[in-house]
Amino acid sequence: MASVTLSVLEGLERGRIFRNLYTPITIGREEVNSVQLNDERISRLHAKLQDDHGNVIFTDLNSTNGSRVNGHPVQLRILRPGDHLQLGRCTLLFGSDAEIAERAHQLGVRIEALLPLLGRPGRSLPAAGSPDAEFSLAENINSDNLLPPLFHSERPPLPKDLTTLQQARMSDVLACVHEQLQNVILSAAEYDESDERGMELPWDRLQNLLLLQRDIAKWLQQSANPD
């Protein structure tokens with residue numbers, strides 16, 4: 001079991017902090033959930049958090065309106081301190097003050113880089129022990145356009161303990177993506193005209209890139225729903 005801290009940044013429960021929750025954790029509209037959120041856009045049993053070898057994994061339980069992490073639609077995601085979970089109109093911050101500060105230190109960034117949703121001036125997290133702490137959005141950011149990166153200059157580690165066949169298939173997928181991106185890079189041409197610099201890309205290469213994006217989206221869906 002893993003101990004989890006979730007802070008409600010947006011929603012009717014704004015300012016509430018769920019501390020020392022032990023996995024597995026469910027989030028939803030009904031009272032049976034570990035974290036109950038009063039929002040009609042949230043499903044009765046919306047999502048769950050579970051521990052697997054020290055990683056906290058977020059899973060959307062086929063909710064009606066889906067889930068987002070840092071503004072990106074997700075079905076399955078390994079959470080990292082500072083991640084923002086968006087369910088319906090609610091935004092939850094994953095991680096304690098110490099966990100978020102430690103991750104920022106490891107990445108070599110300021111804590112604010114992980115927290116586009118800010119609290120009162122000078123604060124980036126709810127006031128400790130104050131369930132009615134008020135939150136406001138950072139300048140020019142709101143919960144509708146919140147879209148920080150899923151990965152802050154970091155690369156997720158490759159899975160371990162794969163069978164030989166699984167390793168070969170993962171290698172094939174990565175080689176396919178690498179080849180497509182390499183073709184785009186090699187065919188692009190730089191231009192510099194009238195103080196404007198940019199890159200030109202042949203139309204067929206752009207189409208191939210869009211097809212690759214489609215395929216990756218399908219692979220993501222398949223990996224989250226293997227059945």
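Since the model is a prediction, treat every value here as computed from it, not as a measurement. All values below come from the heavy atoms of this structure, side chains included, with hydrogens, waters and symmetry mates left out.
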Subject >> Atom pair CG/SG of Leu9 and Cys90 - distance to nearest 0.5 Å >> reply: 10.5 Å

**OP:** Apply side-chain contact (heavy atoms from CB on, under 4.5 Å) to the pair Val56 and Gln50, showing each step before the final yes or no.
**Re:** CA-CA 6 Å; Val56 177; Gln50 61 194 57; over 6 Å; no

Subject >> Straight-line distance of His84 NE2 to Leu79 CG, nearest 0.5 Å >> reply: 12.5 Å

Original post:
Stepwise, does the side chain to side chain donor-acceptor pair (under 3.5 Å) test hold for Thr23 with Asp51?
Top reply: CA-CA 6 Å; Thr23 54; Asp51 173 65; 5.0 Å; no

Subject >> Ile185 with Leu210, same ILVMFWY side-chain cluster at under 4.5 Å >> reply: no

Original post:
Does the side-chain contact (heavy atoms from CB on, under 4.5 Å) test come out yes or no for Val74 and Arg68, once each step is laid out?
Top reply: CA-CA 5 Å; Val74 297; Arg68 293 175 177 265; 5.8 Å; no

Original post:
Between the side chain of Asn33 and the main-chain N/O of Val35, is any donor-acceptor distance below 3.5 Å?
Top reply: no

Original post:
Are Asp39 and Arg29 close enough that some pair of their side-chain heavy atoms sits under 4.5 Å apart?
Top reply: no

**OP:** Look at atom CD of Gln106 and say whether more than 12 heavy atoms of other residues, nucleotides or ligands are closer to it than 6.0 Å.
**Re:** yes

Subject >> Contact summary for Pro81 and Arg103, nearest pair of heavy atoms >> reply: O-NH1, 2.9 Å

Subject >> pair Met170-Leu162: side-chain heavy atoms closer than 4.5 Å >> reply: yes

Original post:
Taking a hydrophobic cluster as the set of Ile, Leu, Val, Met, Phe, Trp and Tyr residues connected by side-chain heavy atoms closer than 4.5 Å, whether directly or through intermediates, do Val184 and Val177 fall within one such cluster?
Top reply: yes

Original post:
Hey, is the main chain of Cys176 close enough, under 3.5 Å, to the side chain of Glu179 for a donor-acceptor pair?
Top reply: no

Original post:
Under 3.5 Å, side chain of Gln86 to main-chain N/O of Gly71, donor-acceptor pair present?
Top reply: yes

**OP:** Dump the intermediate steps for side-chain contact (heavy atoms from CB on, under 4.5 Å) on Leu92 and Phe18, then the final yes or no.
**Re:** CA-CA 10 Å; Leu92 308 179; Phe18 296 88; 5.6 Å; no

**OP:** Answer yes or no: is there a donor N or O on one side and an acceptor on the other, between the side chain of Glu13 and the main chain of Asn38, under 3.5 Å?
**Re:** yes

**OP:** Could you tell me whether the side chain of Glu30 and the main chain of Arg44 form a donor-acceptor pair under 3.5 Å?
**Re:** no

Original post:
If you take all heavy atoms of Leu76 and Ser223, which pair is closest and at what distance?
Top reply: CD2-O, 4.1 Å

Subject >> Exceeds 12 heavy-atom contacts within 6.0 angstrom, atom CZ of Arg214 >> reply: yes

N/O donor to acceptor pairs below 3.5 angstrom from side-chain atoms of residues 200-208, sequence neighbours left out:
from   : atom 1 : to     : atom 2 : distance (Å)
Asn208 : ND2    : Asp204 : O      : 3.4

Subject >> Ile27 vs Leu49 side-chain heavy atoms within contact, under 4.5 Å >> reply: yes

Original post:
Does any N or O in the side chain of Gln166 come within less than 3.5 Å of the main-chain N or O of Thr163, such that one atom is a donor and the other an acceptor?
Top reply: yes

**OP:** Heavy atoms only: give me the nearest Gly95-Ile100 pair and the separation to one decimal.
**Re:** O-CD1, 3.8 Å

**OP:** Return yes if some donor-acceptor pair links the side-chain N/O of Asn65 with the main-chain N/O of Arg41 below 3.5 Å, else return no.
**Re:** yes

Original post:
Can you check whether Asp60's main-chain N or O pairs, donor with acceptor, with Gln75's side chain at less than 3.5 Å?
Top reply: yes

Original post:
Which atom pair, heavy atoms only, marks the closest approach of Thr5 to Asn20?
Top reply: OG1-N, 4.3 Å

Original post:
Which atom pair, heavy atoms only, marks the closest approach of Asp83 to Ile78?
Top reply: OD2-O, 4.2 Å

Subject >> Shortest non-hydrogen contact from Arg80 toward Phe94 >> reply: O-CD2, 3.4 Å

Original post:
Mind checking what makes side-chain contact (heavy atoms from CB on, under 4.5 Å) contact with Ser43, not counting sequence neighbours?
Top reply: His46, Ser63, Thr64

Original post:
Could you state the interatomic distance from CD1 (Ile216) to NZ (Lys218), rounded to the nearest 0.5 Å?
Top reply: 12.0 Å

Subject >> Glu40/Arg89 ion pair, N-O < 4.0 Å >> reply: yes

Subject >> Residues Val4, Tyr22; criterion side-chain contact (heavy atoms from CB on, under 4.5 Å); working and verdict >> reply: CA-CA 6 Å; Val4 169; Tyr22 287 95; over 6 Å; no

